[in-house]
Amino acid sequence: MAHTAMSGYGTTAGDDPLQTAVWRLRSRACWADAAALLEPRTASAALQRASLLVERCLYTEQGWAEAEDALRTAEALAQSDDERGAAACERGQLAYASTLLAVRDRADEARAALGRAAALIAPGAPGRALLDFRRGLLAENLAHSPQSARAAYRRAHAGATAQDDPLLLSFTWRHLAGLALREGELAEARHGFGESLRIREELGYLVGTAPALASLADAETEPEASRLRAEAGRLFRLLGGVPTWLADQLAPPAATA
């Protein structure tokens with residue numbers, strides 16, 4: 001998600017028509033089609049193309065070779081520290097996704113790449129909030145350190161707020177709410193999940209709406225929880241079972257003997 005939903009990337013009136021087309025395809029889980037619209041002739045275009053294909057891996061568990069190829073192109077074209085840092089951030093995300101989804105353990109590569117990105121992307125730079133968020137993902141899901149994850153998510157949340165990046169805010173709200181839910185803070189969890197869902201619906205981020213609905217369902221009581229989960233299931237099926245990792249969360253509870 002190197003290119004999130006900030007102004008200029010297809011989510012606001014007056015944006016470049018190309019970016020609007022890319023966003024519409026991406027938001028409907030058509031990452032390959034979105035990437036095909038981008039000619040990787042500049043570092044910026046190559047990075048955006050790589051970010052789309054990396055995101056496809058995380059949501060579909062497919063397309064790893066294409067993402068690697070796109071990432072190598074982005075790394076070769078990167079010239080400034082910000083561009084090299086953004087490419088390293090994408091490499092870290094790809095390695096994280098591979099590890100999280102048990103494709104191949106690349107945890108050390110993920111940590112090294114995000115550490116390299118942190119050395120290249122200055123605090124306050126546009127890519128720093130996304131980097132902080134991804135470092136939070138590693139802390140939460142690979143290092144199993146919720147305290148470190150919360151600190152990273154809060155830095156990302158502050159950065160996304162300062163940069164007016166609503167899509168990234170939808171992710172930070174959701175993951176901070178997930179930590180709150182784990183600690184039994186239901187009111188805080190409902191608020192965060194609700195904000196994440198609201199932003200995604202406003203942006204038309206369809207592929208991210210089902211996970212947001214399912215997360216909010218986990219913090220709600222019946223019958224609202226079942227209603228939210230049913231709506232999440234409808235969107236999940238509409239998009240052909242994407243994101244793949246949502247299937248287990250939406251599965252009906254096993255019958256008890």
_Can you tell me how far apart OG (S196) and CG (L213) are? Round to the nearest 0.5 Å._
9.5 Å
*S27 side chain reached by L203 side chain, heavy atoms, under 4.5 Å*: no
*What distance do L246 atom CG and S215 atom OG have between them, rounded to the nearest 0.5 Å?*
8.0 Å
*Starting at CG of L53, measure out to CD of Q62 and round the result to the nearest 0.5 Å.*
13.0 Å
*Can you measure from CG (L130) to SG (C89) and round to the nearest 0.5 angstrom?*
4.5 Å
*Specify whether F133 and Y153 have parallel, tilted or perpendicular ring planes, treating 30° as the upper limit for parallel and 60° as the lower limit for perpendicular.*
tilted
_Q147, CD: over 12 other non-hydrogen atoms inside 6.0 angstrom_ = no
*Cluster check L77, I121: I/L/V/M/F/W/Y, side chain < 4.5 angstrom*: no
_To check you understand the geometry: which heavy-atom pair defines the closest contact between T73 and A46, and what is its length?_
CG2-CB, 4.3 Å
*Could you walk me through whether E183 and E188 pass the side chain to side chain contact (heavy atoms under 4.5 Å, CB included) test, one step at a time?*
CA-CA 10 Å; E183 295 175 354; E188 183 180 345; over 6 Å; no
*May I ask you to test the R134-E90 pair for a side-chain heavy-atom distance under 4.5 Å?*
yes
*Student check: side-chain heavy atoms of T60 and W31 closer than 4.5 Å*: yes
*Examine L142 and L179 and state if one hydrophobic cluster contains both, with Ile, Leu, Val, Met, Phe, Trp and Tyr joined whenever side-chain heavy atoms are less than 4.5 Å apart.*
yes
_Please find the pair of heavy atoms, one from A210 and one from F236, that lie closest to each other, and give the distance._
CB-N, 4.2 Å
*Specify the closest pair of heavy atoms between E83 and L47, including all atoms of both residues, with the distance to one decimal.*
O-CD1, 3.9 Å
*To the nearest 0.5 angstrom, please state how far the CZ atom of R56 sits from the CD atom of E66.*
5.0 Å
*Mind checking whether H157 and W173 have parallel, tilted or perpendicular rings, split at 30° and 60°?*
perpendicular
*Kindly give the heavy-atom pair with the smallest separation between D82 and A125, and that separation in Å.*
OD1-CB, 4.3 Å
*Between atom CG of L100 and atom CG of L58, what is the distance when rounded to the nearest 0.5 Å?*
7.0 Å
*Are L239 and L167 grouped together when hydrophobic residues (ILVMFWY) are joined by side-chain heavy atoms under 4.5 angstrom apart?*
yes
*Is there side-chain contact between T209 and L197, with at least one heavy-atom pair below 4.5 Å?*
yes
*Mind checking whether Y205 and Y59 have parallel, tilted or perpendicular rings, split at 30° and 60°?*
perpendicular
*Just do the salt bridge (Lys or Arg N to Asp or Glu O under 4.0 Å) check on R227 and E224 with the steps written out, would you?*
CA-CA 5 Å; R227 186 192 71 79; E224 181 65 5; 2.8 Å; yes
_By the definition salt bridge (Lys or Arg N to Asp or Glu O under 4.0 Å), identify the one residue from R104, R116, R91 that meets it with E109._
R91
*asked:* Between D218 and L228, is there a side-chain heavy-atom distance shorter than 4.5 Å?
replied: no
*Quick check: does any side chain N or O of R154 sit under 3.5 Å from a backbone N or O of R150, one acting as donor and the other as acceptor?*
no
*Taking all atoms of both residues into account, what is the closest heavy-atom pair of D132 and A152, and its distance?*
O-CB, 3.4 Å
*Would you say the side chain of L52 lies within less than 4.5 Å of the side chain of V22, judging by non-hydrogen atoms?*
yes
*Do I199 and L235 sit in the same hydrophobic cluster, where Ile, Leu, Val, Met, Phe, Trp and Tyr count as joined when their side-chain heavy atoms come under 4.5 Å apart?*
yes
*asked:* Looking at every heavy atom in both A156 and A129, which two are closest together, and how far apart are they?
replied: CB-O, 3.3 Å
*Do R200 and R174 have side chains that get closer than 4.5 Å, going by heavy atoms?*
yes
*Do L120 and L138 belong together in a cluster built from hydrophobic side chains that touch within less than 4.5 Å?*
no
